[in-house]
Undergrad: 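Got a structure for you, written out below as structure tokens; questions coming shortly.
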Protein chains: 2
Amino acid sequence: MLLPDAVERLSALAHGHRLAVFRLLVCAGAEGMPAGEIAREIGLRPNTLSSHLTILSHAGLINSRRESRSIIYSASYDGMSDLLGFLVEDCCAGRPEICAPLADVAQSCCDPQ
Amino acid sequence: MLLPDAVERLSALAHGHRLAVFRLLVCAGAEGMPAGEIAREIGLRPNTLSSHLTILSHAGLINSRRESRSIIYSASYDGMSDLLGFLVEDCCAGRPEICAPLADVAQSCCDPQ
DNA sequence: TCGATAGTTCTACTATCGTTGAAATATCGA
DNA sequence: TCGATATTTCAACGATAGTAGAACTATCGA
């Protein structure tokens with residue numbers, strides 16, 4: 001992942017509504033949520049939400065599929081992983097200060113016991 | 001970490017020059033780098049860089065200390081860890097799709113063998 | 001086919017961001 | 001103390017982002 005792509009992804013997440021949308025979709029899992037439900041949940045007009053969804057989608061952070069009249073959005077785990085990977089990429093020169101706590105977070109999060 | 005703080009941190013990183021500065025400082029480690037050297041490395045005027053450093057600093061992503069005439073900036077590992085923790089916080093509901101790859105990244109990065 | 005539902009696209013307006021040039025502040029060496 | 005070095009602060013400008021209203025497109029049920 002190149003720096004400009006990382007900037008695009010970070011920019012997409014660097015907005016209160018968009019970050020809220022993304023987190024909602026992460027919680028929703030692979031099945032995702034229709035745009036209308038997201039709009040109701042976050043409290044956004046359909047057109048405003050649509051522009052945010054376009055931004056997140058173009059940044060590679062969410063995916064979409066049509067299902068009858070609804071368009072279902074879901075978080076892109078690959079997109080997020082790439083970004084996180086890029087962000088910890090530089091801590092390697094013998095400095096685990098960033099990625100060690102990160103590994104803890106990841107582990108405690110996925111492996112509660 | 002609350003959503004508005006995460007947005008502030010993401011916004012700080014969501015800029016080509018600032019992300020480059022931050023990565024440079026992560027590479028520089030705890031000893032950090034003086035502002036002038038950063039400016040030369042990235043190719044920014046001193047006042048432009050200064051405004052970016054203020055933004056990164058206010059977001060809690062870098063620290064600074066004066067050393068004679070220079071001001072030395074260094075990456076805040078805690079600030080970065082908090083942000084990364086916030087970003088993976090939501091993948092917990094039985095869905096390791098995001099944080100499992102992240103754990104891999106963190107591990108392979110800090111533990112090359 | 002027609003009306004209703006679900007989303008998107010387009011246009012315009014306001015607000016904020018990024019950069020610059022100039023001036024100010026802090027520290028050091030002579 | 002004075003000039004030089006290192007960096008920040010201030011004011012102003014152009015560019016970009018976020019939101020809203022209106023119109024458009026796609027799909028479904030009767």
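Computed from a predicted model, the values in this text were never measured in an experiment. All heavy atoms count here, side chains included; hydrogens, waters and symmetry mates do not. In the text below, chain A, chain B and the rest are named by the order of the sequence lines, each starting its count at 1.
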Undergrad: Please list, by residue number, the residues of residues 45-52 of chain B whose heavy atoms come closer than 4.0 Å to an atom of DNA chain C; answer none if no residue qualifies.
TA: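 DNA chain C contact set from residues 45-52 of chain B: B:R45, B:N47, B:T48, B:S51, B:H52.
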Undergrad: Decide side chain to side chain contact (heavy atoms under 4.5 Å, CB included) for B:S74 and B:N63; before the verdict, give the C-alpha distance in whole Å, the side-chain angles of both, and the deciding distance to 0.1 Å.
TA: CA-CA 5 Å; B:S74 56; B:N63 302 121; 4.0 Å; yes
Undergrad: So if you build clusters from Ile, Leu, Val, Met, Phe, Trp, Tyr with side-chain heavy-atom gaps below 4.5 Å, do B:V26 and B:I72 land together?
TA: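 No: no chain of side-chain contacts under 4.5 Å links B:V26 to B:I72.
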Undergrad: Taking atom P of C:dT27 as reference, at what distance in whole Å does atom CZ of B:R65 sit?
TA: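 In whole Å, C:dT27 P lies 16 Å from B:R65 CZ.
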Undergrad: Which heavy atom of A:L87 sits nearest a heavy atom of B:L84, and at what distance?
TA: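 The pair with the smallest heavy-atom distance is CD1-CD2, 3.9 Å.
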Undergrad: For the helix from C:dT1-D:dA30 to C:dA30-D:dT1, what is the angle between the axes at its two ends, each from 5 pairs, rounded to 10°?
TA: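 Here the helix ends are tilted 20° relative to one another.
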Undergrad: Answer yes if B:I42 and A:L10 sit in the same cluster of Ile, Leu, Val, Met, Phe, Trp and Tyr residues linked by side chain heavy atoms under 4.5 Å apart, and no otherwise.
TA: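 Yes, B:I42 connects to A:L10 through the hydrophobic network.
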Undergrad: Using whole Å, report how far CD1 of A:I38 lies from P of C:dA6.
TA: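 The distance from CD1 of A:I38 to P of C:dA6 comes to 14 Å, rounded to the nearest Å.
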Undergrad: For B:H58, what residues pass the side chain to side chain donor-acceptor pair (under 3.5 Å) criterion, not counting sequence neighbours?
TA: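 In terms of side chain to side chain donor-acceptor pair (under 3.5 Å), with neighbours along the sequence ignored, B:H58 is linked to B:E8.
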Undergrad: I need the CG-P distance between A:L53 and C:dG7, as an integer number of Å.
TA: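 Answer to the nearest Å: 10 Å.
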Undergrad: Could you pull out the closest heavy-atom pair between A:A28 and A:M33, with the gap in Å?
TA: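 Closest pair (atom of A:A28, atom of A:M33, distance): CB-CG, 3.9 Å.
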Undergrad: Under 6.0 Å from the ring centre and within 45 degrees of the ring axis: does the NZ or CZ of B:R23 meet both conditions for the six-membered ring of A:F86?
TA: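 Positive - B:R23 is close enough to the ring of A:F86 and near enough to its axis.
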Undergrad: To the nearest Å, give me how far apart CZ (A:R69) and P (C:dT8) are.
TA: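 It works out to 15 Å between those atoms.
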Undergrad: Under the side chain to side chain contact (heavy atoms under 4.5 Å, CB included) rule, what do A:L61 and A:M80 come out as? Steps first, then yes or no, please.
TA: CA-CA 6 Å; A:L61 288 165; A:M80 192 56 176; 4.2 Å; yes
Undergrad: Check whether NZ of the Lys or CZ of the Arg B:R65 lies under 6.0 Å from the centre of the six-membered ring of B:Y73 and within 45 degrees of that ring's axis.
TA: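 No, a cation-pi geometry is absent between B:R65 and B:Y73.
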Undergrad: About how many Å separate OG of A:S76 and CZ of A:F22, when rounded to the nearest 0.5 Å?
TA: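 Reported to 0.5 Å precision, the distance equals 7.5 Å.
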Undergrad: I would like to know whether B:I62 and B:S57 meet side chain to side chain contact (heavy atoms under 4.5 Å, CB included); could you show each step before the answer?
TA: CA-CA 5 Å; B:I62 62 175; B:S57 178; 3.9 Å; yes
Undergrad: Applying side-chain hydrogen bond (donor to acceptor under 3.5 Å, both in side chains), which residue pairs with at least one partner in residues 37-52 of chain A are found, sequence neighbours left out?
TA: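 For residues 37-52 of chain A, and leaving out neighbouring residues, the side-chain hydrogen bond (donor to acceptor under 3.5 Å, both in side chains) pairs sorted by first residue read A:R18-A:H52.
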Undergrad: Between which nucleotides of DNA chain D, 5' to 3', does chain A make heavy-atom contacts below 4.0 Å?
TA: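 Taking any atom under 4.0 Å from a heavy atom of chain A, the span is D:dG18 to D:dC28.
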Undergrad: Using heavy atoms and a sub-4.0 Å distance, could you list which residues of residues 9-20 of chain A are near DNA chain C? By number, please.
TA: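 Heavy-atom contacts with DNA chain C come from no residue of residues 9-20 of chain A; none.
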Undergrad: Sub-3.5 Å donor-acceptor pair from the side chain of A:R66 to the main-chain atoms of A:I71, do we have one?
TA: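 Such a contact is absent between A:R66 side chain and A:I71 backbone.
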